[in-house]
Amino acid sequence: MCTLEKRGSIFFLTLTGDGADEHRLNPTLIASIRSALSKVKSQSTRGTALITVAEGKFFSNGFDLAWAKSSSGGSPSEAINLLRHMVTLFKDVVSDLISLPMPTIAAVTGHAAAAGLLLAMSHDYVLMRRDRGVLYMSEVDMGMTFPDYFTAVVRSKVSKPDAVRDVLLRGMKVRADEAVVKGLIDSAHDNGEKAVEAAVRLGEELTKRKWDGEVYAEIRKALYPEIIGVLGLTAKPIVKARI
Amino acid sequence: MCTLEKRGSIFFLTLTGDGADEHRLNPTLIASIRSALSEVKSQSTRGTALITVAEGKFFSNGFDLAWAKSTSGGSPSEAINLLRHMVTLFKGVVSDLISLPMPTIAAVTGHAAAAGLLLAMSHDYVLMRRDRGVLYMSEVDMGMTFPDYFTAVVRSKVSKPDAVRDVLLRGMKVKADEAVVKGLIDSAHDNGEKVVEAAVRLGEELTKRRWDGEVYAEIRKALYPEIIGVLGLTAKPIVKARI
């Protein structure tokens, strides 16, 4: 499902399962991720950071629709209820990341689609390999609208309206270099190994600043009023400086 | 502190004090600036403009924390109260600039940090020298969140969310050419003298348009609903055209 380890000042959250494992976001994996993030939060100190990575061909291919179908007892409306359930559960993962008291980096080493793409974009920095993998919001093709927090995250992180339209309304499949141009991600790297190395280098640069995590989280939330609005969070003023 | 003079149709607001004077925004300087802006407003006519410049190595390095500390009687909480006081007073300067009935230009010839950077960005146009000086929001390093109007000004003037993140959440120190790419400022110029010359040229182009200042100010306010929202201002409709 997922593992958490700390190397130096950086926490690594790994979506485990190599090869063709799609790291589908079902209630079990979502709970596992939340548990890991809760642990990260409790162990946060000045100068820590989180890097999220995934094994295999996929970063994450989104909600576990196969699980919803197989758990639905053959009822299409029940399958949709189960999908809605995952949408509700995953909203808390986004809240956890937006509130995490340290910088967050997603190292996208494979396909990221739908909720899987949203997972990546809920991080402060998104790095991706350019040789493989696409970013894809499949909802328009599948025939479903976006949860409010999906749209809020994409609109808050991507400034160009045409890029938002291309991704959300046109269901474009975007490779890393184009994703940089569109403003979906921060940088593209030659291969998976290089993307992770770059993420670690960035993480180390950021941890060197030894930021107070609580202040960092409140500054982050204040940057994204639309996101915290739909998540029901607030940004509070703090002064921890010794003047 | 600061001086005001008019040359032709352009008002020059100069933060005085050469060399290493940081033009720290303490209550005295803030009051001095507000008094100058009030005078500019009363003397505004069709086709006038404001250029704000500073002497020496700094445009402004932000609030006067040293003054807060020395005035606090050794009490850290009192020092923070005094900082909050400056935050409140300076909000008046931003309101004055956002409401000023003429185009405003900041010629940044030195470092601009925190409230000093906000002072520059509260102008309609920001020109900067490329050979020296950085723009820097120090708050994340100092351990404090931003006043609401700081975030509103930056978010309203900078379209790229990654640039806003780099400046506010990452505390990046940005030189002029990079500031242009990030959308923090309008243009970069070879040295201090060239910046001021370019500011004057721009001022003269703008004053040639002979805009009605009242209409200009209302149009400006309407461009920045987030800023006027937090400042408690409104933009009103006016028709002065003879149709």
Side-chain angles (χ1 to χ4, degrees), chain A residues 46-47 49 98 100 102-105 121 123-127 152-161 163-164 179-187 202 205-206 208-228 234-243, chain B residues 24 62-72 74-88 114 137-152 154-173 182-183 225-226 229-230:
Chain A
R46 271 185 183 277
I98 295 292
L100 208 71
M102 66 181 66
T104 58
I105 303 166
M121 291 182 73
H123 290 67
D124 297 328
Y125 301 89
V126 185
L127 286 61
V153 168
V154 176
R155 281 165 42 82
S156 299
K157 302 267 186 148
V158 182
S159 61
K160 305 184 196 190
V164 175
V180 171
V181 171
K182 282 177 155 28
L184 290 169
I185 68 173
D186 289 284
S187 56
L202 174 60
E205 272 182 55
L206 299 175
K208 272 198 195 107
R209 304 286 286 273
K210 305 207 94 42
W211 291 319
D212 179 280
E214 197 191 357
V215 169
Y216 185 88
E218 296 305 320
I219 290 176
R220 182 207 283 119
K221 283 188 286 177
L223 294 190
Y224 305 121
E226 194 181 340
I227 299 178
I228 66 173
T234 46
K236 67 180 200 273
I238 315 176
V239 178
K240 284 198 180 176
R242 316 207 108 253
I243 296 168
Chain B
R24 286 277 181 170
F63 292 125
D64 199 339
L65 305 180
W67 168 84
K69 185 169 185 176
S70 66
T71 311
S72 67
S75 156
S77 62
E78 181 55 19
I80 288 173
N81 279 344
L82 291 166
L83 170 60
R84 288 207 182 99
H85 179 55
M86 288 184 280
V87 168
T88 302
M137 282 297 191
S138 51
E139 283 80 347
V140 66
D141 290 326
M142 302 229 35
M144 59 180 87
T145 51
F146 293 97
D148 57 3
Y149 65 95
F150 273 54
T151 324
V154 177
R155 281 165 41 84
S156 298
K157 302 268 186 151
V158 181
S159 64
K160 303 184 200 190
D162 56 341
V164 174
R165 173 207 62 198
D166 286 346
V167 174
L168 299 186
L169 191 60
R170 189 172 176 171
M172 244 188 201
K173 291 180 181 181
K182 282 177 156 25
E226 194 180 340
V230 298

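Order of the sequence lines fixes the chain letters, A, B, ..., with proteins taken first and strands second; residue numbering starts at 1 for each chain.
Residues passing the side chain to side chain donor-acceptor pair (under 3.5 Å) test with A:Thr234, sequence neighbours excluded: none.
Residue with the most contacts toward chain A among B:Met142, B:Arg165, B:Arg155: B:Arg165 (heavy-atom pairs, distance under 4.5 Å). Comparing A:Pro237, A:Pro103, A:Gly183 by how many heavy-atom pairs each has under 4.5 Å with chain B, the most go to A:Pro237.
Side-chain contact between A:Asp124 and A:Tyr216: present, with at least one pair of heavy atoms (C-beta onward) separated by less than 4.5 Å.
Of the atoms belonging to B:Asp64, not a single heavy atom falls under 4.5 Å from chain A. Using a 4.5 Å cut-off between heavy atoms, A:Asp186 touches chain B through its side chain atoms alone. Contact annotation for B:Asp162: only side-chain heavy atoms (C-beta onward) come within less than 4.5 Å of a heavy atom of chain A. Contacts between A:Lys160 and chain B at a heavy-atom distance below 4.5 Å are absent for every atom of the residue.
Looking at A:Lys208 and A:Glu205, no side-chain N of the basic residue comes within less than 4.0 Å of a carboxylate O on the acidic one, giving no salt bridge. Here B:Lys157 does not pair with B:Glu226 in a salt bridge; the nearest charged N to carboxylate O distance is not below 4.0 Å.
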Could you give the side-chain donor-acceptor pairs of residues 79-88 of chain B under 3.5 Å, partners two or more places apart or in another chain?
{"unit_1": "B:Asn81", "atom_1": "ND2", "unit_2": "B:Glu78", "atom_2": "OE1", "d": "3.4"}
{"unit_1": "B:Thr88", "atom_1": "OG1", "unit_2": "B:Arg84", "atom_2": "O", "d": "3.0"}

